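Here the structure is a predicted model, which is why all the values come from computation and not from measurement. In each ligand, atom 1 is the first atom listed, and ligand 1 is the first ligand listed.
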Amino acid sequence: MSETDLLRAEFPLLAANPGLHYLDSAATAQIHRCALDAVVRHETGCRANVLRGSHRLAEAADRAYDAARTSVARFLNVASADEVVFCSGATAALNLVAHAFGATLRPGDRVLVSQAEHHSNFVPWQMLRERAGIALDLLPVTASGELDLAALPRLLSPRTRLVAVTQCSNVSGAWTDVAAVVEEAHKVGARVLLDGAQAVQHGPQDLRALGIDFYAFSGHKAFGPNGIGVLWARGDLLAGLPPFLGGGGMIDEVAIEASSWAEPPRRFEAGTPPIAQAVGLAAALEWMGGLDWPRLREREERLCADLIDGLLAVPGLRLLGPPASARRAPIVSFDIAGLHPHDVCQVLDHHGLALRGGHHCAQPLLAAFGVDACSRASLALYNDEADVAALVEGVAAAVRTLA
Ligand code: PLP
């Protein structure tokens, strides 16, 4: 058995579907068996609410939930587990920042986003503009969809309070030069929010080294369960922010006249949190922490280069993203002249190839590429040469069928 076959066997859905070429991990990665097992173990062994009970089950649930926070902090290499806020996903995390940090902004303050953002890191800032009278600035992208960092200094001003950019585009696959963004943003006193949704399935992160202020990701893109995500923020920053949602668990004291807030992270976790999902996510992240990432990344890069090479040989196909030689993740979007991506993906589905066609919740970026929709293949650690070969063959067949 190859290394990838062994890996695939650890993913129940892939193990049950040997003929499937799953190439949609940028939308959702398959769940690892350890995460599923951890959810089942938790739900059947210590299902109880957290922060509320003094019976043994409740205490076990508290311990499991706290341990999950510690696992996330380790995966992100951050100073303290208290800086980790659990929420339902990256979208919820980004909206939380737009509300809690957004509440500290004044009319005329500025937020800068890039044209490469997923709608989750775009629309909440437009909504904040309507709510709070802030100005929204747009960092353009280059012809290959990378952030145009040369434009950054002139777009920043002393009124810029936040630079919110993706770590890796879910369409072009381009990695952001985070150090360059942080250096320029911090020069004018702006905070940096990094949308890590596409980064986490390619290995543990070192947020201390990145020097950012906020980070958001979803569990389902990191081989964990759905319905769980993380917002990380620097402890001092988090301590100064007001809550977003009100309810149980986030208060210090509630009186008829007024209420006071719990310390972070509880201040930002109103209501019953996704407890078993947090436990499942922690299992997935611990599993990822034990893998040989330099080797896995080298393989992902090689497969990505082979895929790009193969696809570029298809007549009429245009790559929407940087070349294989660039710093890019194995997310490969493409347009085929005269063919609609929905039709292409439907034909590919008949060949056992699962990939996505559409606007990928990144319409501003697609506008920069001059298309309304495109096809996207995204590779993860369980993909191999056979997936790449099948896709290149499938795309050529789709062109023959549909042209
Ligand atoms: N940011 C990026 C770059 C994404 O690719 C996605 C999802 O595809 C999100 C944010 C939103 O993630 P979720 O839908 O899990 O909240």
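Here the protein heavy atom with the shortest distance to atom 14 (O) of ligand 1 is Thr91 OG1, 3.6 Å. The nearest protein atom to atom 5 (O) of ligand 1, hydrogens excluded, is given as Gln198 NE2, 2.8 Å; this is a heavy-atom distance. For atom 4 (C) of ligand 1, the closest heavy atom belonging to the protein is His118 CD2, 3.2 Å.
The list of side chain to side chain donor-acceptor pair (under 3.5 Å) pairs with a residue in residues 330-353, not counting sequence neighbours, is empty.
Considering CD of Glu3 and CG of Leu381, their distance stands at 9.5 Å, rounded to 0.5 Å. A distance of 13.5 Å separates CE in Met127 from CZ in Phe122, rounded to the nearest 0.5 Å.
Judged by the shortest distance from any of its heavy atoms, Glu117 lies outside the 4.0 Å radius around the atoms of ligand 1.
Annotation: Arg208, atom CZ; neighbour count of heavy atoms from other residues, nucleotides and ligands within 6.0 Å is above 12.
Looking at His360, Gln167, Arg356, Lys221 and measuring to atom 8 (O) of ligand 1, the nearest heavy atom belongs to Lys221. Among Asp195, Val171, Asn226, the residue whose heavy atom sits closest to atom 1 (N) of ligand 1 is Asp195.
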### Task
Might you work through the side-chain contact (heavy atoms from CB on, under 4.5 Å) test for Val39 and Ile31, ending with a clear yes or no?
CA-CA 11 Å; Val39 170; Ile31 189 167; 5.7 Å; no
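By the 3.5 Å distance cut-off applied to N or O atoms, His220 is counted among the residues near ligand 1.
Remark: ligand 1 atoms within the under-4.0 Å shell around heavy atoms of Asn170 are 5 (O).
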